[in-house]
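A short worksheet on the structure shown next.
All ligand and atom numbering here is 1-based and tracks the order in the structure. Note that the numbering runs from 1 along the sequence shown for the chain. On a predicted model such as this, the values are computed, not experimentally measured, just so you know.
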Amino acid sequence: MASKRPIIARNSKPKAAPRRTAVSAAEARAGAILEIDLGAIARNWRLLQSKVGRNVWCAGVVKANAYGLGVVPVAKTLAAAGCKSFFVASLDEALALRDVLKTPEIVVLNGLDAGNAHDFLKARLTPVLNDLGQVETWRGLSLADPRARQPAILHLDTGMNRLGLSRPEIAVLTTEPDRLAGVTLRAIMTHLACAEEPKNPKNAEQRRMFLAARRKLPQVPASLANSSGIFLGQDFHFDMVRPGAAIYGVNPLPGGVNPMAQTVGLKGKILQVRDVDRGTTVGYGAAHRMERTGRIATVAIGYADGWFRSMSPRATAFIGGQQVPVVGRISMDLMTLDVTGIDPAHLKPGAYAVLLNNIITVDEAGTRAQTIGYEILTALGRRYRRTYIGAE
Ligand SMILES: Cc1ncc(COP(=O)(O)O)c(C=O)c1O
């Protein structure tokens, strides 16, 4: 039946005893349990901070609900671990986070517009200025009320062609420095396009362009590296690094040994088990045909829970410590496993099939879905019962 053991093996035990009664009742109702290890998240962040050394500050990127893991518990955990700068994508995300974190710096990557700039001032948020128009808006506000003058981060595009001042805009800013007069610049940043490919010449190219532009701009701290960028070496660290995915256990060195700890475990409840004859088909499209007489277990997780349909031919789960294949197509709420030969003691309705652990990592799940670990994390379903373990 339902095991109380953590899904992902951990090095350290949680200090506080979990409140068993409340959790058990909710767990009993839930079709699937997502376990999020806050201790592992804190350790991952500390590892990244130690990798860049004391003179570089390590921010935490917590956009998209902390990559799907829950921005409130994650941000509190990172703040307790020593993180002082938090990056989100949108103003709404920043306002929600400000309710939880009263003092730390909250930076909004998607920038501001003339209509919402006052909200940044009111909630003490740091906008990323992504074009000359945003620079002008922030400057106008700063000059109008010098007491309310708040820092901003200037984003230079060096090769993503997504957000940030373009090359011609950078040229305008360097030849007309007055455009920044009155603006308090907290930092200048750029973003790498190919950080997870250490041999890609684009990394050095972007760094060179960043350095060249920076030389002609106010001498404020600089930031370039995301998770993988941190592993490109000291030359890429500058004054602040901005990891997201690695904090949550995604491998910043794809194809290499993952230095980060897994932070999520997932298990789904077995709803039904049935014996099926050789030749029987399973699921939509009758896409799987049993080659022998066997046994099928139906588990309460589907693509509406972020377990992508594209995984179907490659997906597996663990039951009673043994790996079994998903057979047939993953449907909206359900998937079917071939559990032929598995000890029936592990197959009672209410027992669990484990879908994410130290072997089926978020990166592995990403590969199986022909996507990346980032997408697996941010798609994790809202129907899961979420339990947070390992809080320090
Ligand atoms: C500008 C910027 N900085 C940092 C990050 C964090 O990147 P990662 O999750 O790869 O560490 C992102 C994420 O997309 C980003 O857009």
Side-chain angles (χ1 to χ4, degrees), residues 41 44-49 51-52 56-69 71 74-75 78 83 85-91 93-94 97 105-112 126-131 134 152-166 186-198 200 202-203 206-207 210 221-232 236-256 258-261 263-264 361-363 366 371-380:
I41 287 174
N44 282 343
W45 182 82
R46 283 198 207 99
L47 180 76
L48 297 167
Q49 174 66 79
K51 180 106 192 127
V52 295
V56 176
W57 82 92
C58 185
V61 179
V62 295
K63 61 196 170 91
N65 195 27
Y67 288 46
L69 300 189
V71 69
V74 167
L78 294 178
C83 180
S85 299
F86 294 80
F87 282 76
V88 293
S90 69
L91 176 58
E93 288 182 341
L97 186 56
E105 173 183 48
I106 299 175
V107 185
V108 183
L109 286 164
N110 288 0
L112 53 80
T126 304
V128 170
L129 306 177
N130 286 311
D131 59 37
Q134 294 185 5
I153 293 183
L154 185 68
H155 184 182
L156 311 180
D157 178 46
T158 55
M160 276 289 277
N161 283 304
R162 192 176 67 162
L163 286 177
L165 272 72
S166 63
R186 161 84 165 97
I188 295 180
M189 64 169 264
T190 193
H191 190 49
L192 293 170
C194 308
E196 68 289 356
E197 300 168 30
N200 196 314
K202 183 130 186 134
N203 294 321
Q206 285 192 261
R207 180 178 172 274
F210 186 50
S223 175
L224 170 142
N226 65 339
S227 297
S228 295
I230 292 173
F231 292 82
L232 293 175
F236 286 80
H237 294 167
F238 291 88
D239 302 298
M240 169 171 63
V241 292
R242 309 182 309 269
I247 296 175
Y248 310 111
V250 171
N251 189 357
L253 305 163
N258 189 355
M260 316 314 299
T263 65
V264 283
T361 61
V362 287
D363 292 302
T371 179
I372 50 176
Y374 292 65
E375 201 177 1
I376 298 294
L377 282 178
T378 52
L380 286 170

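- The ring of Phe236 has its center no closer than 6.0 angstrom to the ring center of Phe231.
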Output side-chain donor-acceptor pairs under 3.5 Å for residues 60-68, partner residues at least two apart or in another chain, one line each.
residue : atom : partner : partner atom : Å
Asn65   : OD1  : Val71   : N            : 2.8

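- Shown here for Ile188 and Phe210, the closest heavy-atom pair between the two residues is O-CZ, 3.5 Å.
- In summary, of the residues considered (Asp157, Thr158, Asn200), a side chain to side chain donor-acceptor pair (under 3.5 Å) with Gln206 occurs for Thr158 alone.
- A donor-acceptor pair is defined here as one N or O able to donate and one able to accept, closer than 3.5 Å; such a pair exists between the side chain of Gln49 and the backbone of Cys58.
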>> Using salt bridge (Lys or Arg N to Asp or Glu O under 4.0 Å), reason through Lys202 and Glu197 one step at a time and then give a plain yes or no.
In response: CA-CA 9 Å; Lys202 183 130 186 134; Glu197 300 168 30; over 6 Å; no
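- The immediate protein surroundings of ligand 1, defined as residues with any heavy atom under 4.0 Å of it, consist of Val61, Lys63, Tyr67, Leu109, Arg162, Met189, His191, Asn226, Ser227, Arg242, Pro243, Gly244, Ala245, Tyr374.
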